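Everything below concerns the one structure shown next.
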Amino acid sequence: MVQRDRREVEKANLTDKRYPIKGMNVWTPYGWKIMQAIDRHIREGFDATDHQEVCFPLLIPEDQFAKEKEHIKGFDAEVFWVTHAGLNPLDVKLLLRPTSETAMYPIFSLWVRSHADLPLKTYQIVNTFRYETKQTRAFIRVREIHFFESHTCHADFEDAERQVREDYDILEELASKWCIPYRLLKRTEWDKFPGANYTVGVDTLLPSGRSLQLGSIHQYKENFSRPYEIKYEDEKGEHRYVHQTTFGMSERLVGAVVAIHGDDKGLVLPPDIATNQVVVIPVLAKGETEKVSNAARALRDELKAAGVRVHIDERDVRPGVKYYDWELKGVPLRLELGMRDIEKGKVTFVRRDTGEKSLKDRARLVEEVRSMLALIAHDMLARASKEMASGIATVDSLEGLPEKMIRTGWCGGEDCGHEIENRSERNILGTPVEKDEFDGKCVVCGKPTKTPVYLARAM
RNA sequence: GGGGUAGUGGUCUAGCUUGGUAUGAUACGUGCUUUGGGAGCAUGAGGUCAUCGGUUCAAAUCCGAUCUACCCCA
């Protein structure tokens, strides 16, 4: 099953792994289109909530990177360094950003002067670099990461908390477009982001039973604003440090879409992500080729005018080849049009997610396509959510655990936490942020608790 | 972090034990016939055998290092 996650990614040809640097792959045109669709959703979501897109430099000077002690401790083992410029060694080494806090915050300290400048809400979509020492894997663990990161500054803790809640709302809307179920889990103290006050992980579950972290939301409090001196003057003329948050997601989203929705025939793309939402296949017949072609092009034109992303496949190959091709590529809806349909005034609809075929009236084309795409999106999310729910097992003992995500009791103590991780041979993902009824005992010490903890083998 | 397996036209692969310039399939180009689930025939093009070094008259083949991919264990 672990293999399946990988095979689907590779068969679909979204990335070319032949580039000769470990963990650095080439995006193919089709793969990049999918990534761009996801980026577009992210931009829409964050623009709509008054975030400003920015773009900071890739290189960070060593001294600037080193200001926050926890942060550098968490990252310095996995940064790439630039040590030379041309033939000359650099006085101050430069690193490729593993994440952009230390690139942005010195500049934020110049941008933020007064309470009127707050909140400062920014984001960028850039590549980051991490020298992963573990096995690399396309989209899931790479050394050059296509990365989204929002960075915000707030007058006080409560306003930063409001930002975290806004991030949850944005995420919910995005994930429904991607048809990806997830849990918001507050990480343990020993697993939080280096430098954060607390970290909330966005975790999904793959068909293999392993968890995949899709993103993370961090509350920094004043942990970065103090070393980077991001201060403002409040209404009373007093100088205060800002409270900060970040939200990060990456190309892992593509990996998640592929692994969660893909099947034996290849990719299955959610309609909001699909480069082509609909593919039209003309089924030509001897002597009638012109007639069928024209009718098929008319379908294409009508859908295109209605704002549907549609492609007509007029290659001179047999229809069966086209069916297999577009199934592999994951196009949500296939329309077939041949003489048989034309004579009846129908169009053949074939859903990618279920394979179900149906005949629809040609006259009602646009509304039938729209409602079918909506139905496909709805069903894909519903199926994936159900799958994730059934992949979580609630237990009151760590013996003989099933190959699932585990939900159990934890008193919250660090000693018990480590013992849970050791005995279960899984990682603690965290405790739920959202409502999650539970009434049990810590599996280690037996102390009663109302909060469950989630464990999994991480991808 | 520890161990293991592998790299040959775009892709997959034979050849490696026993050294003598590479096999087949698929995909690709062209032409004709086809078209409701992977068509057929003809023809054409495509390889510094991962890289670097060593042994040898001669290396895909033997030896070493490096890079990359994959698997298992922590």
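Below, chain A is the first sequence line, B the second, and so on; all start at residue 1. What's counted below: heavy atoms across the whole structure, side chains too, no hydrogens, waters or symmetry copies. Bear in mind the structure is a predicted one, so any value in this text is a computation, not a measurement.
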Rounded interatomic separation in angstrom, taking OH from A:Tyr131 and P from B:rC67: 9 Å
Rounded interatomic separation in angstrom, taking CG from A:Asn13 and P from B:rG10: 15 Å
Atom pair distance, as rounded to whole Å: CD in A:Glu132 and C1' in B:rA69: 17 Å
Inter-nucleotide C1' distance (B:rU55, B:rG19), Å rounded: 11 Å
Atom pair distance, as rounded to whole Å: CZ in A:Arg143 and P in B:rC67: 10 Å
Separation of the C1' atoms in B:rU26 and B:rA65, to the nearest angstrom: 35 Å
Distance flag, aromatic centroids of A:Trp32 and A:His146, threshold under 6.0 Å: yes
Nearest-Å distance once atom P is located in both B:rU17 and B:rU61: 10 Å
Gap in Å between the two P atoms, one belonging to B:rU5 and one to B:rC62, rounded: 14 Å
Derivation of the ring-ring contact (aromatic ring centres under 6.0 Å, His included) call for A:His71 and A:Phe193: CA-CA 8 Å; A:His71 186 72; A:Phe193 182 81; 5.7 Å; yes
Chi angles and distances behind the side-chain hydrogen bond (donor to acceptor under 3.5 Å, both in side chains) call for A:His41, A:Trp178: CA-CA 9 Å; A:His41 297 148; A:Trp178 306 329; 2.9 Å; yes
Between B:rG7 and B:rA50 - C1' atom distance, rounded Å: 6 Å
Separation of atom CZ in A:Arg137 from atom P in B:rU68, rounded to whole Å: 17 Å
d(CD1, A:Ile21; P, B:rA69) in whole Å: 10 Å
Stem regions touching RNA chain B, defined by at least 3 consecutive Watson-Crick or wobble G-U pairs below 3.5 angstrom: B:1-7 with B:67-73, B:10-12 with B:24-26, B:28-33 with B:39-44, B:50-54 with B:62-66
Euclidean distance for C1', B:rG20 against B:rC49 (whole angstrom): 16 Å
N or O in side chain of A:Gln135 less than 4.0 angstrom from B:rC70 OP1/OP2: yes
Separation of B:rG2 C1' from A:Lys134 NZ (nearest whole Å): 14 Å
N-glycosidic conformation, B:rU68 - syn within 90 degrees of 0, else anti: anti
Short side-chain donor-acceptor distance under 3.5 Å, A:Asp341 and A:Thr348: yes
Centroid separation A:Trp410 to A:Tyr454 less than 6.0 Å: no
Distance-minimising heavy-atom pair for A:Met459 and A:Leu212: CB-CD1, 3.8 Å
With A:Glu327, the salt bridge (charged side-chain N to carboxylate O under 4.0 Å, His left out) member among A:Arg351, A:Arg352, A:Arg334: A:Arg334
A:Thr394-A:Arg407 side chain donor-acceptor pair, cut-off 3.5 Å: yes
Whether A:Gln219 side chain and A:Lys221 backbone form a donor-acceptor pair below 3.5 Å: yes
Distance between P atoms of B:rG29 and B:rG10 (Å, rounded): 16 Å
Distance, C1' atom - from B:rG4 to B:rG15, rounded to whole angstrom: 25 Å
Close side-chain approach of A:Pro61 to A:Leu94, heavy-atom, < 4.5 Å: yes
Summary of protein contacts for nucleotides 33-43 of chain B, nucleotide by nucleotide, where a base hit scores B, a sugar-phosphate-only hit scores S (4.0 Å, heavy atoms): -BBBBBB----
